[in-house]
Amino acid sequence: MRANRAAFDRYALVPRMLRDTTTRNWSTTILGTAMPAPLLLAPIGVLSILHADGELAVARACAELGVPMVLSTAASHTIEEVAAASGAGPRWFQLYWPTDDAVTASVLARARAAGYTALVVTLDTWTLGWRPLDLDGAYLPFLRGVGTAIPFSDPAFRAGLTRSPEDDLGAAVGRWVPMFTGTALRWEQLDLLREHWDGPILLKGLLHVDDVAAALEASVDGIIVSNHGGRQVDRAVGALTVLPGIVAAVDGRAAVLFDSGVRTGADAALALGLGADAVLLGRPYAYGLALGGQDGVRHVVRSVLAELDLTLALAGYADLAELRGAPSPTVVHP
Ligand SMILES: Cc1cc2nc3c(=O)[nH]c(=O)nc-3n(C[C@H](O)[C@H](O)[C@H](O)COP(=O)(O)O)c2cc1C
């Protein structure tokens, strides 16, 4: 997590002067999803531990602002409940890929039917990293049936149980926890997702340029450069450090999104200046949720959007095309 922040300190914006940026437009379309600025909310699981409304509050705040949310498989509300809260708001679905293909197919069909337009497949969490604070507290919410709303409401998952999760929590947890840590998954199996998902697919958690090459080989539509906010491999590289090399390697053949360490609109501006097509905000909106529910999320996102707008405008850019087409470096190593 510190490496993510340190990576931001290794780059700096180089503002330009005497350019007309009085009228700005940051709207963009990423893989078919229109958004007011290249900003999405990252999938964060188990949000009910922060606020009773959890993912519903996030969905409502996002819908108000037109900012896409990415719903986690580890949500505390169902796919359909979050879709209802999101209404006409843009929404993507994040998959923790179950080892049972029937469950995978069922979850994907539900997400499609409920209006989630892109699929984010998280690859860096096939088992949980070493998390001392959680270990010290013997804390894993899934074991208490928290953050399991999606599988527990899934007909294919329930079909594999002799007693329902409502009647036998232990058995349901015992079936789900090993199932959603898909240790046997390999690149070849991405075809299975294509069979069951006809929209865009992004792979989340890529850091190595050879994995990016494999992703392009597999014809994915987008990648998310991310180290999971530093929660998985301790001593992993700060995600921003590898972003420029990955942008160069992809060379426009897939969308390149970025997360891990974005705290402010200026951070988002830096990642965009380094070539990300869009950035995802993680912990900051979760803090907003904890403090103020829907209003808290809305306030955080509006603040980040406002700072992003001001930063890019004061740096001399009026829209993303200008930023992308900048003839001399927008960002330098200080
Ligand atoms: C508490 C917590 C839970 C998370 N849960 C998920 C999840 O369910 N699925 C997922 O793909 N990423 C998950 N992430 C990772 C985020 O999507 C994102 O990569 C990360 O938070 C970005 O870093 P940042 O928090 O520094 O912005 C989680 C992150 C946090 C902090």
Side-chain angles (χ1 to χ4, degrees), residues 1-9 39-51 54-55 58 62 68-77 79 82 92-98 107 111 116 118-129 131 133-134 137 139-142 146-151 176-177 180-182 201-207 222-234 236-243 257-268 270-271 276 278-290 297 300-301 304 308:
M1 189 168 69
R2 277 203 299 272
N4 287 333
R5 296 300 302 154
F8 274 91
D9 292 337
L39 182 85
L40 304 90
L41 297 202
I44 292 189
V46 208
L47 289 177
S48 62
I49 62 178
L50 301 179
H51 188 281
E55 297 80 11
V58 176
C62 279
M69 79 175 287
V70 186
L71 176 67
S72 165
T73 296
S76 19
H77 292 89
I79 291 173
V82 177
W92 292 5
F93 182 71
Q94 177 264 321
L95 184 71
Y96 278 136
W97 191 343
V107 167
Y116 297 78
L119 181 66
V120 170
V121 185
T122 299
L123 302 180
D124 58 16
T125 313
W126 51 266
T127 192
L128 293 179
R131 299 177 180 180
L133 283 177
D134 288 352
Y139 183 65
L140 187 62
F142 310 124
V146 178
T148 52
I150 291 176
W176 175 242
V177 170
F180 94 119
T181 53
I201 295 179
L202 301 93
L203 301 182
K204 176 171 182 277
L206 298 186
L207 294 167
I223 59 164
I224 303 181
V225 177
S226 166
N227 71 5
H228 212 100
R231 287 166 60 82
Q232 283 297 90
V233 179
D234 201 10
V237 67
L240 198 76
T241 305
V242 297
L243 177 65
L257 279 64
F258 171 85
D259 79 26
S260 296
V262 176
R263 293 291 170 272
T264 66
D267 293 342
L270 201 54
V279 300
L280 292 88
L281 191 64
R283 288 178 183 82
Y285 86 81
Y287 299 147
L289 175 69
V297 176
V300 168
V301 176
V304 170
L308 174 63

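Counting starts at 1 for both ligands and their atoms, following the listed order. Keep in mind that this is a model prediction, so the values were computed, not measured.
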Item checked: Neighbour list for ligand 1 [protein residues, heavy atom under 4.0 Å] -> Ala42, Pro43, Ile44, Gly45, Ser72, Gln94, Tyr96, Thr122, Lys204, Ser226, His228, Gly229, Arg231, Asp259, Ser260, Gly261, Arg263, Gly282, Arg283
Margin query: Side chains of Asn227 and Asp124: any donor to acceptor distance under 3.5 Å?
Written below: no
Checklist line | Side-chain donor-acceptor contact under 3.5 Å, His228 with Thr125 | finding: yes
Next item on the list: Over all heavy atoms of both residues, which pair between Ala286 and Ile44 is shortest? Give the atoms and the distance, please.
Entry: CB-CD1, 4.1 Å
Checklist line | Heavy-atom donor-acceptor pair, Gln94 side chain to Val70 backbone, under 3.5 Å | finding: no
Check: Among all residues two or more places apart in sequence or in another chain, which pass the side-chain contact (heavy atoms from CB on, under 4.5 Å) test with Ala278?
Finding: Ile30, Pro38, Leu40, Leu257
Check: What's the shortest heavy-atom distance between Ile79 and Tyr116, and which atoms?
Finding: O-OH, 2.7 Å
